[in-house]
2 protein chains.
Amino acid sequence: MLGTLRLVAAAPSLDEVDRLLVEELMADGRATLAALAEKAGLSVSAVQSRVRRLETRGVIRGYSASVDPTVLGLALSAFVALTPLDPTVPTEDVPDRLRGLPAVEACYSVTGAAGYLLLVRAGSADRLEHVLQEIRAISRAGTHTAVVLRTFFER
Amino acid sequence: MLGTLRLVAAAPSLDEVDRLLVEELMADGRATLAALAEKAGLSVSAVQSRVRRLETRGVIRGYSASVDPTVLGLALSAFVALTPLDPTVPTEDVPDRLRGLPAVEACYSVTGAAGYLLLVRAGSADRLEHVLQEIRAISRAGTHTAVVLRTFFER
DNA sequence: CTTGAAAAGGCCATGAA
DNA sequence: TTCATGGCCTTTTCAAG
């Protein structure tokens, strides 16, 4: 029966019920266990233990309120592509250091000439320019910035 | 005293307490009113009415669980820049139609040659290619894709 | 995994300031 | 807008099948 052995630590797969629960909780992070139980066709206790398992396994990372960014004074968003000034210098620690800047909301490494792509939020053009200076200093890279004119949707 | 007149409908500003509540709820969407009340130094009832007001005013748009994308079989993310094939053709309805594609997680209009920038999530290279075809058909635009090699953080 | 029940705690409407 | 209170609902934990 060796064929049934599987590695589950890295990417635990979800059964149908778990997928339903995850989907519902993504749509409404405050859904009650009773409501989830009804949709899943299970008891509340069963759903409760499943949700807790999803949380402890890291499938569900957390819950958050989604807030209108303009109200928070973060009217300006921009995508910043980083192109290393010297491609031979390793840049592995750059993301960790960029994480220290609150204005940097996301950090990816991507295919193409630019090594890193960032999503930056700032309150004004002045603030954005200041953040860009900090980013350049940290990353030792050139920046190419595309300012967001309109956010149609973010899911 | 005309100088004190202001338009508040578009961007209602928040007082200090509201800002604190919003911040806490962004960090933990399931924070209890009691916990919020303690941090704010107010009664539960006061906090309750404030939170409800933030929700009805649209400052808080909703609550959601954040889920590990790899577990959902969405291991592949990509940024897609759309450059209109014919710049004279209006493209205002494109975002609304792209919203119909579940794989398109975000849609922005940005400065630069590319009119739109999309964040796309797909389960595989095959799926991504299929989504790109759909996007091109909908938007009547050329696509330039940067595949995400690693997501260092998303806040 | 299910049911059932008891206890604890949070939510919400109300009244009063 | 604030606070205090009681009723109702939800969650949690247990036991037993």
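Since we're looking at a predicted model, the values are computed, not measured. Protein chains get the first letters and strands the later ones, always in sequence-line order, with residue 1 at the start of each.
Just one of A:R50, A:K39, A:R19, A:R30 meets the salt bridge (charged side-chain N to carboxylate O under 4.0 Å, His left out) condition when paired with A:E24; it is A:K39.
Distance, A:E16 CD to C:dC1 P: 14 Å, rounded to whole Å. In this structure, B:L36 atom CG and C:dG9 atom P are separated by 18 Å, rounded to whole Å.
With salt bridges taken as basic N to acidic carboxylate O contacts below 4.0 Å, none links B:D68 and A:R57. At a threshold of 4.0 Å, the pair A:R155-B:E105 does not count as salt-bridged, since none of the basic side-chain nitrogens sits closer than that to a carboxylate oxygen. A salt bridge links A:R97 with A:D93: at least one charged nitrogen is closer than 4.0 Å to a carboxylate oxygen.
Comparing D:dT2, D:dC3, C:dC1 by their nearest atom to the side chain of B:R50 picks out D:dT2.
By the salt bridge (Lys or Arg N to Asp or Glu O under 4.0 Å) test, B:E134 is found to be paired with no residue, residues two or more places apart in sequence or in another chain being considered.
One hydrophobic cluster, built from ILVMFWY side chains closer than 4.5 Å, cannot hold both A:V147 and A:F79; they sit in different ones.
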Identify each atom pair where a protein N or O and an N or O of nucleotides 10-15 of chain C are less than 3.5 Å apart, giving names and distance.
from   : atom 1 : to    : atom 2 : distance (Å)
C:dC11 : OP2    : B:L33 : N      : 3.0
C:dA13 : OP2    : B:R52 : NH1    : 3.3

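A rotation axis mapping the C1' atoms of four pairs onto the next four is fitted at both ends of the helix from C:dC1-D:dG17 to C:dA17-D:dT1 over five pairs, and the angle between these axes is 20° to 10 degrees.
Ring planes of B:Y116 and A:F152: tilted class, angle from 30 to 60°.
Taken from CD in B:E154 to OG in B:S66, the straight-line distance is 9.5 Å, to the nearest 0.5 Å.
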